Amino acid sequence: MAPLSRAARLPLAAVLGVALVLPSAGPALASTPRPTAAVQATGQDPRTAPIMAPAALKSAAGLYLPLDPESGVAASKKKWGGYRLTSPRGARCMPTVGATTEHLGQDIATKNGAPIYAVAAGKVLRTHDGTSASSGYIVIESTIAGKRYQLAYLHMWDADAFVKVGDTVKAGQQISTVGSSGPSTGPHLHLEVWTGPWMQQQANVMGTPAALDPIAFLASKGLNIAASASSVSKPNTPSSCTYYARSTGVIRAGANDTSAVLATFQAGDVVTSTPGAMMNSRLRVSYQGKTGYAAWLSFSPNYVAPAITTQAGLAGRVSTVASNVNLRAAAVNGAVRTVLPQGASVSATGRITQQGAWREVKYAPAKGSALTGWVSASYLKDAPTKPSTPAKPSTPAASAITTQASLKGRLSKTTAAKVNLRAAAVSGKVKASLPLGARVSATGRITQKGAWREVKYTPAKGPAVTGWMAVSYLKDVASSVSSSTSKPVVKPAAKKTKKTTANVWLRSAATSGKGLVVMKKGSTVTLSGGTKKVGKVTWYTVTFVKRSGWVSGAYLR
């Protein structure tokens with residue numbers, strides 16, 4: 001298999017063999033010095049004069065231990081301090097940011113710079129120099145017991161110091177030195193054994209059957225790595241994992257960017273998962289009752305504090321606690337300072353988490369000193385703010401009202417249900433809600449533009465009410481004709497009609513009124529007599545299919 005270019009290999013390396021190294025003494029360092037071939041101090045170029053492992057590391061089957069356990073050497077003379085088996089092959093919770101949840105190999109911890117030896121003879125297929133963000137690795141194809149396998153050695157810094165792609169190495173030949181590149185908690189060798197091409201199967205699919213358990217596999221071939229370890233860690237795999245969001249992100253129904261979004265999480269939010277539940281660089285997580293897939297690098301096994309901002313105008317706002325809730329020293333996961341009882345009153349300091357889900361408040365209990373801390377905003381009910389002066393009803397200016405003598409006493413019917421009768425035109429307080437077909441009589445007062453009319457409404461029960469209505473919701477009723485036979489009956493003049501020249505809205509008011517219905521091109525409308533000049537365009541009041549409203553004359557002929 002042809003080696004990948006460095007640009008192509010980097011994303012792949014970032015997800016490989018990332019492991020939790022259990023320290024033998026003291027906390028593990030996030031990064032360690034980067035040793036090179038000079039650590040050996042042999043004076044020889046390892047490319048032209050390969051360095052070989054001590055014969056004691058060779059098994060009867062001809063395989064070599066990848067690290068020197070230094071067995072039989074006095075403690076005062078031990079250079080590397082032996083090695084320890086830490087994180088094993090299999091499903092796990094992500095131990096650090098960037099680590100996989102399906103561990104594809106065995107971690108073997110030792111001191112930084114310890115020599116790494118080839119377990120078996122073979123050909124170097126790939127190398128990649130490690131960085132603080134991506135794991136260094138060397139992949140060698142070896143034949144063991146007559147069958148080909150690909151062995152991967154990870155976490156060195158300088159992968160080309162001892163070998164290069166295309167080299168043929170001997171069993172027991174030194175190929176690199178131990179490092180802690182990529183997402184790692186300390187110096188160690190991460191060893192993988194693959195039955196097929198290395199990483200050809202998805203590295204983050206739960207199980208990955210092509211990646212074997214190196215310890216069990218090599219033991220079956222006569223190389224017992226565990227027997228030479230100073231300690232063997234067998235951590236219990238938990239039933240669930242807890243992770244913290246590092247930033248804002250989304251949870252999707254599937255492990256791709258095109259699946260439906262189920263939920264949005266914020267920095268500091270807590271999600272749960274199961275060991276090994278990872279696919280296509282996405283974790284399968286549960287959050288607020290939703291289960292789906294989210295970007296793997298969005299989460300950390302350690303709490304991530306959300307960003308804090310200040311909201312203008314929030315400081316001093318008084319709120320009531322809706323139910324018993326914790327007052328914490330920090331948002332989301334801070335230590336509990338006290339439990340706020342239901343109904344407790346708190347005042348905001350003005351500080352909130354960036355998305356406003358948490359609020360910093362001050363609480364003064366009946367006894368004891370005041371406390372300041374963080375509480376989830378979902379448990380707070382803000383008290384209504386009191387205006388400095390009572391709000392006055394909005395009424396049109398006196399000059400906007402005129403009287404139309406001929407209009408007084410005119411009867412009309414409402415053309416829609418639940419039409420508001422207001423104390424003042426446009427935005428006055430609602431005095432009554434009139435049903436469809438309600439009869440009203442005009443007082444003669446109108447707004448200057450004629451869009452609103454003052455009317456008197458007498459309901460079936462209760463006293464009459466006088467108020468203002470939009471003319472667009474009224475249809476005038478024709479006056480009754482005298483029953484006297486001495487006067488001829490005068491036929492009403494034929495109503496004038498026009499047709500629409502395009503699809504156009506019938507509106508509740510001229511220019512920008514609410515659209516009541518779309519009249520198709522060629523519809524017949526009856527002119528009601530009302531007009532309004534807007535710029536160079538005249539708007540007309542019309543009736544269309546028992547509905548009255550306004551339409552621009554530009555669309556009538």
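Remember, it's a predicted structure, so these values are computed and weren't measured experimentally. Only heavy atoms go into these numbers, but all of them, side chains included; no hydrogens, no water, no symmetry mates.
Annotation: the span from Thr237 atom OG1 to His103 atom NE2 amounts to 12.0 Å, rounded to 0.5 Å. Atom OG of Ser347 sits about 10.5 Å away from atom CD of Glu360, to the nearest 0.5 Å. One finds the CZ atom of Phe265 at 8.0 Å from the OG1 atom of Thr248 (value rounded to the nearest 0.5 Å). Once rounded to the nearest 0.5 Å, the distance linking OG of Ser376 with CH2 of Trp358 reads 5.5 Å. Atom CD in Gln288 sits 8.0 Å away from atom CD1 in Ile251 (nearest 0.5 Å). Taking CG from Asp476 and OG from Ser412, the interatomic distance works out to 3.5 Å, rounded to the nearest 0.5 Å.
For Arg252 (side chain) and Thr258 (main-chain N/O), no donor-acceptor pair under 3.5 Å exists by modelled atom type. Using a distance-only test at 3.5 Å, with no hydrogens or angles considered, a donor-acceptor pair links the side chain of Thr131 to the main chain of Ala133. Side-chain atoms of Asn420 do not come within 3.5 Å of backbone N or O of Ser433 as any donor-acceptor pair. With Ser181 contributing its side chain and Gly130 its backbone, the two residues share no donor-acceptor pair below 3.5 Å. For Thr414 (side chain) and Gly437 (main-chain N/O), a donor-acceptor pair under 3.5 Å exists by modelled atom type. Ser523 places a side-chain N or O within 3.5 Å of a backbone atom of Lys520 that can act as its donor or acceptor partner. Under the 3.5 Å distance criterion, the side-chain polar atoms of Thr500 are matched with a main-chain donor or acceptor of Gly522. A donor-acceptor contact shorter than 3.5 Å is absent between the side chain of Thr242 and the backbone of Thr272. A distance-only check finds no donor-acceptor pair linking the side chain of Arg317 to the backbone of Ala315 [under 3.5 Å].
Ring geometry for Tyr137 against Trp198 counts as tilted: the plane angle lies between 30° and 60°, on a 0 to 90° scale.
Applying the 6.0 Å contact sphere to OH of Tyr379 captures no more than 12 heavy atoms from other residues, nucleotides or ligands. Open room surrounds NZ on Lys408; 12 or fewer heavy atoms of other groups in view lie less than 6.0 Å from it. Around NZ of Lys413, the count of heavy atoms belonging to other residues, nucleotides or ligands within 6.0 Å does not exceed 12.
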Step by step, would you call Tyr555 with Tyr540 a ring-ring contact (aromatic ring centres under 6.0 Å, His included)?
-> CA-CA 10 Å; Tyr555 295 98; Tyr540 295 87; over 10 Å; no
Going through the checks in order, is the side chain to side chain contact (heavy atoms under 4.5 Å, CB included) test met by Trp452 and Ile446?
-> CA-CA 6 Å; Trp452 286 73; Ile446 59 173; over 6 Å; no
Would you please test Arg439 and Tyr457 for side chain to side chain contact (heavy atoms under 4.5 Å, CB included) and show each step?
-> CA-CA 7 Å; Arg439 295 173 68 91; Tyr457 169 61; over 6 Å; no
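For the pair Ile401 and Thr447, the minimum side-chain heavy-atom distance is below 4.5 Å. Two residues are said to be in side-chain contact when any heavy atoms from C-beta on lie closer than 4.5 Å; Trp539 and Arg507 meet this criterion. You'll find the side chain of Met469 reaches within 4.5 Å of the side chain of Val419, heavy atoms only. No side-chain heavy atom of Val339 sits less than 4.5 Å from a side-chain heavy atom of Val325. Side chains of Val542 and Leu506 form a contact here, defined as non-hydrogen atoms less than 4.5 Å apart. When side chains are defined from C-beta on, Leu556 does not count as touching Lys499, because their heavy atoms never get closer than 4.5 Å. The shortest distance between side-chain heavy atoms of His128 and Ser134 falls below 4.5 Å. Between Pro238 and Cys93 the shortest side-chain heavy-atom distance falls below 4.5 Å.
There is no side-chain donor-acceptor pair under 3.5 Å between Thr353 and Arg359. No side-chain donor from either of Thr526 and Thr543 sits under 3.5 Å from a side-chain acceptor of the other. At a cut-off of 3.5 Å, with distance as the only test, no side-chain donor of Gln342 or Ser323 sits close to an acceptor on the other residue.
Electrostatic pairing of Glu102 and Arg89 counts as a salt bridge here, judged by a charged N lying under 4.0 Å from a carboxylate O. Using a cutoff of 4.0 Å between basic side-chain nitrogens and carboxylate oxygens, Asp269 and Arg246 are not scored as salt-bridged.
Summarising the geometry of Ala348 relative to Leu314, their closest heavy-atom pair is CB-O, 3.5 Å, with the distance given to 0.1 Å. When all heavy atoms of Pro459 and Ala464 are compared, the closest pair comes out as CD-CA, 4.2 Å. Residue Pro275 comes nearest to Cys241 through the heavy atom pair N-SG, 3.6 Å, listed as atom of the first residue, atom of the second, then distance. The two atoms that bring Ser273 and Ala277 nearest to each other are OG-CB, 3.8 Å, heavy atoms only. For the pair Thr541 and Gly529, the tightest heavy-atom approach, listed with the atom from each and the gap, is OG1-N, 3.7 Å. Taking all atoms of both residues into account, the shortest heavy-atom contact from Asp382 to Ser319 is OD1-OG, 2.5 Å.
If you run side-chain contact (heavy atoms from CB on, under 4.5 Å) between Lys456 and each of Leu421, Thr466, Val440, Val465, only Thr466 comes through.
Between Tyr243 and Tyr287, the distance from one ring center to the other does not fall under 6.0 angstrom.
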